[in-house]
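The chains referred to below are lettered A, B, ... by the order of the sequence lines, with proteins before strands, and numbering in each begins at 1.
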Amino acid sequence: MSNLHLYDSLTGALRRFEALNAPHVGMYVCGPTVYSDVHLGNTRTFLSFDLLFRYLKHLGYQVRYVRNITDAGHLENDADAGEDKIAKKARLEQLEPMEIVQRYTLGFHAVMQAYNALPPSIEPTATGHIVEQMELIKKLLADGYAYEAKGSVYFSIETYLQNHPYGELSGRSIDDLETGTRELEGQTDKRHPLDFALWKKAMPEHIMRWPSPWSEGFPGWHLECSAMSTKYLGSEFDIHGGGMDLKFPHHECELAQNKGATGHGGARYWLHANMLTLNGKRMAKSTGNTLDPRDLLTGQSEHLSKAYSPGAVRFFMHQAHYRSVLDFSDSALQAAEKGYHRLLASMQILRKRPAQGPEQGTWNFGEWDAACTEAMNQDLNSPILIAQLFEATKAIAADQNDPKVLGVSGAKELLGRMEVWMYEVLGLAPEHQANNQQWQKALDSAMSVVLDLRQKARETKNWPASDALRDTLAEGGIVVLDGPEGSSYRLE
RNA sequence: GGUCUCGUGGCCGAGUGGUUAGGCAAGGCUCUGCAAAAGCCUGUACAGCGGUUCGAAUCCGCUCGAGACCUCCA
């Protein structure tokens, strides 16, 4: 069905993608914990997987894309003294936990929509799947992979190791892990330091709690993904994605839970998107080194010199490979924005191209398009895809002087494919066309009058008058473009 | 401290055992009343030191530097 290759973290190799039940593809991505606003780093991860989702669809797959909302809150740490993050924030703001969840879920959706990310097929919540999580615990208990201690249930690494390797995803050995384990207060209930909680008995101050056979408590933080991916995609499915920081321990534990409960690890391909850094440091809610994706659109941040369009930001992100660390800076974003605008302008030229020249051009359209596909097939190499789009720009420019380059149908074909790659695959919405049609119409008519006036001034060589018009418009963000066929304008 | 990843031209950022990534910036030119925009041309890089090889920036070792994970985090 395709020649897509994906880098699988489990095997550490580039593997040809073969869907388990083509043309259906099951894809699970770890979603956000909704106790605060998503930051730009989170956004990058979700846009990376949006790119994958879009490309799989582009290839003709029918994708069921499941991305969870973690609304049950996780422990602060693995100790009994741990506090539910959502409950903590709720007390801080004097709000109900679910009020916090609602607020930040809506905020998350707004950001995803603003950046033109396609919604997942299913967006299950952890609190909506407590029953499934408890069923999973029961299964693990029955099979001996878990044990109960003082109302809490833990996953037993020692039992697991008798049948399966642990650490295969993150490439860690048990010895390494044990060396790195800290002695925390309250870990005494665990039989082994690497055991992790499946169910935690709630402390009195814990607000979010559910009754269970073991205690009134709440599920462990690795459990929801195992429960929900199994429920909606089956015990074996195609792709599991998430941020690089989730590889260990979250995905490692998830994998162990899956294997313990079903015998299957879950996904056949484990994908990890790399971090976005700010000032060379990882962006994280907990350290305050963050950038709000909405601030980029308004320019309201100490890190920004101006506002950017969502498309420019997406373009910036896709100019780097999803498995590379990308460092954010205002100047890097500005550079990306310029290139992005040039690309859009080039497509606009193609749209307005008169039907002249031969039917077929000399430019090798097929080879170019194949190179675009090849780039994406190589583990979603969007930087190379974008480089190819710039190659097309050169052909379009050459065609302006010599219509033999693209030809009439060649030009149409190229435009169609560029739109597919830009809009459909890279998710760069044609933003300037969609919104404010009424304003656009009004501005166009006003500008035609102004440009007409200026043209008259130029014809009489009244340079001071024509330049004054140009300067005034420039102050308002309108750039006048003088060309051989008269003047036009664009918004800065 | 342990595990791992990375270090590319002024900046961002792909890729690769022997052939131009691309973008931004810069310089030159074309166009232009001037400017802007646009187009064309130019740049010869791959942390350092050794090694393997006919040949390495690409493989191996060491050194230096950066980052991630080991603890909630996309």
Side-chain angles (χ1 to χ4, degrees), chain A residues 12 29-33 35-36 38-49 70 73-79 82-85 167 170-173 175-182 184 221 241-250 252 272-277 280-287 290 315-316 319-321 323-329 331-340 342-343 345-346 349 375 378 381-391 393-394 396-398 400-401 458 461-463 466-467 470-471 474 479-484 487-490 492:
Chain A
V29 171
C30 290
T33 303
Y35 62 77
S36 66
V38 289
H39 55 66
L40 197 64
N42 300 306
T43 308
R44 183 194 182 200
T45 296
F46 297 127
L47 291 181
S48 292
F49 288 108
T70 297
H74 293 153
L75 292 173
E76 291 277 33
N77 54 46
D78 227 6
E83 187 177 20
D84 184 304
K85 277 194 172 174
S170 53
R172 286 155 204 264
S173 70
D175 290 345
D176 293 336
L177 287 167
E178 286 184 26
T179 327
T181 304
R182 289 188 199 172
L184 290 173
W221 64 284
M244 197 74 101
D245 52 346
L246 295 184
K247 198 192 242 180
F248 189 88
H250 183 60
E252 196 73 71
H272 290 96
N274 219 134
M275 304 289 101
L276 177 75
T277 59
K281 296 276 185 197
R282 142 154 216 210
M283 220 177 263
K285 295 169 192 173
S286 50
T287 60
T290 68
F315 189 79
F316 164 72
Q319 254 189 324
H321 186 83
R323 280 195 294 116
S324 296
V325 175
L326 173 62
D327 189 46
F328 177 89
S329 71
S331 57
L333 186 51
Q334 264 186 49
E337 184 190 44
K338 284 192 183 178
Y340 174 53
R342 203 159 68 77
L343 215 41
S346 186
I349 287 170
Q378 284 300 312
N381 202 322
S382 53
I384 288 192
L385 170 61
I386 289 173
Q388 288 300 327
L389 293 172
F390 279 109
E391 291 301 326
T393 295
K394 285 180 187 166
I396 292 166
Q400 287 293 293
N401 294 322
R458 295 180 75 203
K461 297 200 193 299
N462 186 352
W463 307 129
S466 76
D467 289 355
R470 187 173 65 196
D471 293 346
V479 183
V480 176
L481 308 162
D482 291 334
S487 302
S488 59
Y489 77 97
R490 81 176 151 75
E492 187 52 66

Seminar exercise, completed: Output row for RNA chain B, stems defined as at least 3 consecutive Watson-Crick or G-U pairs under 3.5 Å, is B:1-7 with B:64-70, B:10-12 with B:22-24, B:26-30 with B:38-42, B:47-51 with B:59-63
For this session: Would you kindly check whether a donor in the side chain of A:Asp482 faces an acceptor in the base of B:rA35, or vice versa, at under 3.5 angstrom?
Result: yes
For this session: Take A:Gly242 and A:Phe248, find for each the nucleotide of RNA chain B with the closest heavy atom, and name the residue whose nucleotide sits nearer the 5' end.
Result: A:Phe248
Problem set entry | Stacking of A:Trp463 on B:rG33 base (centres under 5.5 Å, planes under 30°) | yes
For this session: Please tell me which of the listed nucleotides, B:rA74, B:rG15, B:rA35, lies nearest to the side chain of A:Arg470?
Result: B:rA35
At a cut-off of 3.5 Å, list every protein nitrogen or oxygen paired with a nitrogen or oxygen from nucleotides 64-67 of chain B, distance to 0.1 Å.
unit_1 : atom_1 : unit_2   : atom_2 : d
B:rG67 : OP1    : A:Lys281 : NZ     : 2.9

For this session: Return no unless some side-chain N or O of A:Ser324 is found under 4.0 Å from OP1 or OP2 of B:rA14.
Result: yes
Problem set entry | Nearest-Å distance once atom C1' is located in both B:rG67 and B:rC59 | 24 Å
For this session: Taking the side chain as every heavy atom from C-beta outward, state whether A:Leu481 and A:Tyr489 have any pair of such atoms under 4.5 Å apart.
Result: no
For this session: Evaluate the side-chain proximity of A:Thr393 to A:Arg342: yes if any heavy-atom separation is below 4.5 Å, no if none is.
Result: yes
Exercise. Which word best sums up how the rings of A:His250 and A:Trp221 line up, parallel for under 30°, tilted for 30 to 60°, or perpendicular for over 60°?
Worked result: parallel
For this session: Send over the distance from A:Gln388 CD to B:rU20 C1', rounded to a whole Å.
Result: 12 Å
For this session: Determine the Euclidean distance between corresponding C1' atoms of B:rG9 and B:rU20; express it in Å to zero decimal places.
Result: 14 Å
Exercise. From B:rA74, B:rG39, B:rG15, pick the nucleotide closest to the side chain of A:Ile384?
Worked result: B:rG15
Problem set entry | B:rG48 versus B:rG7 - spacing of their P atoms, nearest Å | 13 Å
For this session: Compare the minimum distances between each of B:rC24, B:rA14, B:rG33 and the side chain of A:Asp467, then state the nucleotide with the smallest one.
Result: B:rG33
For this session: Could I get the full list of salt bridge (charged side-chain N to carboxylate O under 4.0 Å, His left out) partners for A:Arg458, not counting sequence neighbours?
Result: A:Asp482
For this session: Rounded off to whole Å, could you give me the CG-to-P distance for the A:Leu326 and B:rC6 pair?
Result: 16 Å
Exercise. On a whole-Å scale, what distance lies between the C1' atoms belonging to B:rG15 and B:rA74?
Worked result: 26 Å
Problem set entry | Separation of B:rU32 P from A:Leu481 CG (nearest whole Å) | 16 Å
